[in-house]
Chemist: 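Have a look at the structure that comes next, please.
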Amino acid sequence: MEQLPNSQTEPDGSAVIRVLSYNIRSLRDDTDALARVIKACAPDLVLLQEAPRFFRWRKKLTRLARAADLVLLSGGGSAAGPALLCSLRATVERTEDVLLPLTPGRHRRGLATAVVRIGGARLGVLSTHLSLDADERHEQAGLLLDRLAALGVPHAVAGGDLNECPGGRTFRRLGDGLRDCWTAAPWGGEYTFPAAAPDRRIDAVFVTEGVEVLGCGVPSGLPGVAEDDLRAATDHLPVLTALRVPATA
């Protein structure tokens, strides 16, 4: 496998960062394997979906973050599932958890958002898990784009479990406003679900214009990422992305 760039701050202040998006199925599987996968990916930012939402959810997320040498940034129960973790490389400017409109009889959905500084770069961050219903999912994508724009930063990254494959109208709606990182710079594996025998890409990472995508995909074969751990950790495979974010003037 071609090597994915490591995190670093470049002489002009721009930041090379690693972003990991991962549906962790409420920590119902092998949490030790999950922590090993996350740690081996050496991310600066982790966009989680299906984080614990109920009893002692914050404690459970904090324990996972600590096991992966990260800290809890935002989300979890307060965002109805999406959450953000970060390395100590990130300086947190602000966070906001957003609950999306609830359709009776369906799961509550939300967004975990933050603005961070890494090196000389300032970056908006968003994690989401979109609806299983096609119409609701499409509407939520519009709310996601609005929320990302409302962060008021020149560069941003958004990712999560879209519950839809490329070519679907929600995927296309996000791709019209953002850049799909896998399409921009494919690296590693493509398919993310189901973990045991992946045959579709329903998890993705997107960036705004001006952010350079250096590689994006499932980190199968990455040193330290064991195939057994990928299968045992949760029912999705993670998406690891390397980005170069320009310094903010």
Side-chain angles (χ1 to χ4, degrees), residues 14-15 17-23 44-49 73-75 79-84 93-101 103 109-116 118 121-187 190 192 200-217 239-246 248-249:
S14 62
I17 67 171
R18 288 188 176 193
V19 179
L20 186 71
S21 183
Y22 212 167
N23 182 318
D44 299 289
L45 298 165
V46 182
L47 319 180
L48 296 178
Q49 302 85 47
L73 177 54
S74 71
L84 300 173
E93 186 173 302
R94 66 180 188 271
T95 67
E96 184 178 5
D97 299 329
V98 180
L99 293 176
L100 298 176
T103 301
R109 303 286 177 173
L111 309 172
T113 75
V115 176
V116 301
I118 299 177
R122 187 166 175 252
L123 183 69
V125 189
L126 183 151
S127 177
T128 189
H129 185 185
L130 300 184
S131 175
L132 289 167
D133 178 81
D135 291 337
E136 187 176 40
R137 184 165 63 237
H138 190 258
E139 181 180 349
Q140 289 170 350
L143 297 173
L144 183 161
L145 293 170
D146 291 345
R147 180 60 57 172
L148 210 58
L151 291 177
V153 292
H155 305 110
V157 57
D161 178 353
L162 306 186
N163 273 318
E164 185 174 286
C165 296
R169 64 186 184 122
T170 296
F171 212 111
R172 292 199 308 271
R173 184 174 192 176
L174 292 174
D176 287 342
L178 304 168
R179 296 174 63 216
D180 173 16
C181 292
W182 164 262
T183 301
W187 167 92
E190 178 179 5
T192 63
R200 72 204 82 161
R201 181 164 75 98
I202 62 172
D203 304 85
V205 177
F206 296 85
V207 292
T208 55
E209 288 299 322
V211 177
E212 182 182 358
V213 184
L214 305 175
C216 175
V239 180
L240 180 61
T241 305
L243 306 171
R244 179 179 287 109
V245 186
T248 303

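Keep in mind that this is a model prediction, so the values were computed, not measured. The basis for the numbers below is simple: all heavy atoms, side chains too, and nothing from hydrogens, waters or symmetry mates.
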Chemist: Find the distance between CG (L143) and CG (L100) and round it off to the nearest 0.5 Å.
Modeler: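 Output value for this atom pair is 6.0 Å.
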Chemist: Could you list the residues that satisfy side-chain hydrogen bond (donor to acceptor under 3.5 Å, both in side chains) with T113, not counting sequence neighbours?
Modeler: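 For T113, no residue satisfies side-chain hydrogen bond (donor to acceptor under 3.5 Å, both in side chains) once neighbours in sequence are set aside.
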Chemist: Heavy atoms only: give me the nearest E136-P101 pair and the separation to one decimal.
Modeler: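 Minimum heavy-atom separation between E136 and P101: OE2-O, 4.2 Å.
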Chemist: Can you check whether P82's main-chain N or O pairs, donor with acceptor, with Q49's side chain at less than 3.5 Å?
Modeler: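 Absent.
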Chemist: Just do the salt bridge (Lys or Arg N to Asp or Glu O under 4.0 Å) check on R147 and E96 with the steps written out, would you?
Modeler: CA-CA 10 Å; R147 180 60 57 172; E96 184 178 5; 3.4 Å; yes
Chemist: With rounding to the nearest 0.5 Å, note down the distance linking CG in L45 to CG in L73.
Modeler: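 Atom-to-atom, L45:CG and L73:CG are 7.5 Å apart.
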Chemist: What I'd like to find out is whether the side chain of L214 reaches to under 4.5 Å of the side chain of R244, using heavy atoms alone.
Modeler: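 L214 reaches R244 side chain to side chain.
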Chemist: Could you tell me whether a side-chain N or O of R137 sits under 3.5 Å from a main-chain N or O of L130, the two making a donor and an acceptor?
Modeler: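 No: the side chain of R137 does not pair with the backbone of L130.
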Chemist: Under 3.5 Å, is there a donor-acceptor pair linking the side chains of E212 and S14?
Modeler: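 Distance-only check fails for E212 and S14.
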Chemist: Report yes if some heavy atom in the side chain of L174 is under 4.5 Å from a heavy atom in the side chain of L145; otherwise report no.
Modeler: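 A side-chain contact exists here, since the closest heavy-atom pair is under 4.5 Å.
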Chemist: Taking all non-hydrogen atoms of both residues, which atom of G110 and which atom of A80 are closest, and how far apart?
Modeler: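 Minimum heavy-atom contact is N-CB, 4.2 Å.
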Chemist: Closer than 4.0 angstrom, basic N to acidic O: yes or no for D176 and R169?
Modeler: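 No, no charged N to carboxylate O under 4.0 Å.
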Chemist: If you compare all heavy atoms of N163 against all heavy atoms of S131, which two are closest, and at what distance to 0.1 Å?
Modeler: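 What the structure gives for the nearest pair is CB-O, 3.7 Å.
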Chemist: Run T103 and D133 through side chain to side chain contact (heavy atoms under 4.5 Å, CB included) and show every step you take.
Modeler: CA-CA 10 Å; T103 301; D133 178 81; over 6 Å; no
Chemist: Between L243 and C181, what is the shortest heavy-atom contact and its length?
Modeler: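 It is CD2-SG, 4.2 Å.
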Chemist: Hey, does the side chain of D44 reach the backbone of R18 with a donor-acceptor pair shorter than 3.5 angstrom?
Modeler: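 Present.
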Chemist: Determine, stepwise, if the pair F171 / D180 fulfils side chain to side chain contact (heavy atoms under 4.5 Å, CB included).
Modeler: CA-CA 9 Å; F171 212 111; D180 173 16; 3.7 Å; yes
Chemist: Among all residues two or more places apart in sequence or in another chain, which pass the side-chain hydrogen bond (donor to acceptor under 3.5 Å, both in side chains) test with Q140?
Modeler: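 Partners of Q140 by the side-chain hydrogen bond (donor to acceptor under 3.5 Å, both in side chains) criterion come out as none, since no residue qualifies.
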Chemist: As a test of understanding, state which of V245, T248, L151 forms a side-chain contact (heavy atoms from CB on, under 4.5 Å) with R122.
Modeler: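 Among V245, T248, L151, the one meeting side-chain contact (heavy atoms from CB on, under 4.5 Å) with R122 is T248.
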Chemist: Sub-3.5 Å donor-acceptor pair from the side chain of T192 to the main-chain atoms of R201, do we have one?
Modeler: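 Pair absent, no side-chain N/O of T192 close to backbone of R201.
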Chemist: Are any of the side-chain heavy atoms of H129 and L111 separated by less than 4.5 Å?
Modeler: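 Result no, sub-4.5 Å side-chain heavy-atom pair not found.
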Chemist: Of all the heavy-atom pairs spanning A150 and R94, show the shortest one and how long it is.
Modeler: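 Looks like O-NH2, 4.5 Å.
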Chemist: Side chains of F206 and L162: does their closest heavy-atom pair fall under 4.5 Å?
Modeler: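 They are in contact (side-chain heavy atoms under 4.5 Å apart), so the answer is yes.
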Chemist: How long is the straight-line distance from OG of S21 back to CG of L84, given to the nearest 0.5 Å?
Modeler: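 The OG atom of S21 is 10.0 Å from CG of L84, to the nearest 0.5 Å.
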Chemist: Please evaluate residues W187 and C216 with respect to the criterion side chain to side chain contact (heavy atoms under 4.5 Å, CB included), reporting the C-alpha separation (whole Å), side-chain torsions for both, the decisive distance (0.1 Å), and the verdict.
Modeler: CA-CA 5 Å; W187 167 92; C216 175; 5.8 Å; no
Chemist: Evaluate the side-chain proximity of V157 to L123: yes if any heavy-atom separation is below 4.5 Å, no if none is.
Modeler: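 Heavy-atom side-chain distance check passes, below 4.5 Å.
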Chemist: Judged by atom type as modelled, is there a donor-acceptor pair below 3.5 Å linking the side chain of E93 to the main-chain atoms of V115?
Modeler: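 Answer holds: no.
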Chemist: Nearest heavy-atom pair of P246 and A121: which atoms, and what distance?
Modeler: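 Distance-wise, the nearest heavy atoms are O-CB, 3.4 Å.
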Chemist: Please round to the nearest 0.5 Å and tell me the distance separating atom CZ of R109 and atom CG of L144.
Modeler: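 Atom-to-atom, R109:CZ and L144:CG are 13.0 Å apart.
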Chemist: Hey, could you give me the OG1/CD distance between T183 and E190, rounded to the nearest 0.5 Å?
Modeler: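 Here the rounded value is 8.0 Å.
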Chemist: Please confirm whether the backbone N or O of L48 pairs with a side-chain atom of S127, one donor and one acceptor, at under 3.5 Å?
Modeler: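 Flag set: sc S127 to bb L48 pair under 3.5 Å.
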Chemist: What is the distance from atom CG of L178 to atom CZ of R173, rounded to the nearest 0.5 Å?
Modeler: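 One finds 11.5 Å between CG of L178 and CZ of R173.
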Chemist: Is there a side-chain contact between I202 and D161, using heavy atoms and a 4.5 Å cut-off?
Modeler: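 The answer is yes; the side chains approach within 4.5 Å.
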Chemist: For R179 and V211, indicate whether the former's side chain and the latter's backbone hold a donor-acceptor pair under 3.5 Å.
Modeler: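 Indeed, once roles are kept as given, a pair shorter than 3.5 Å links the two residues.
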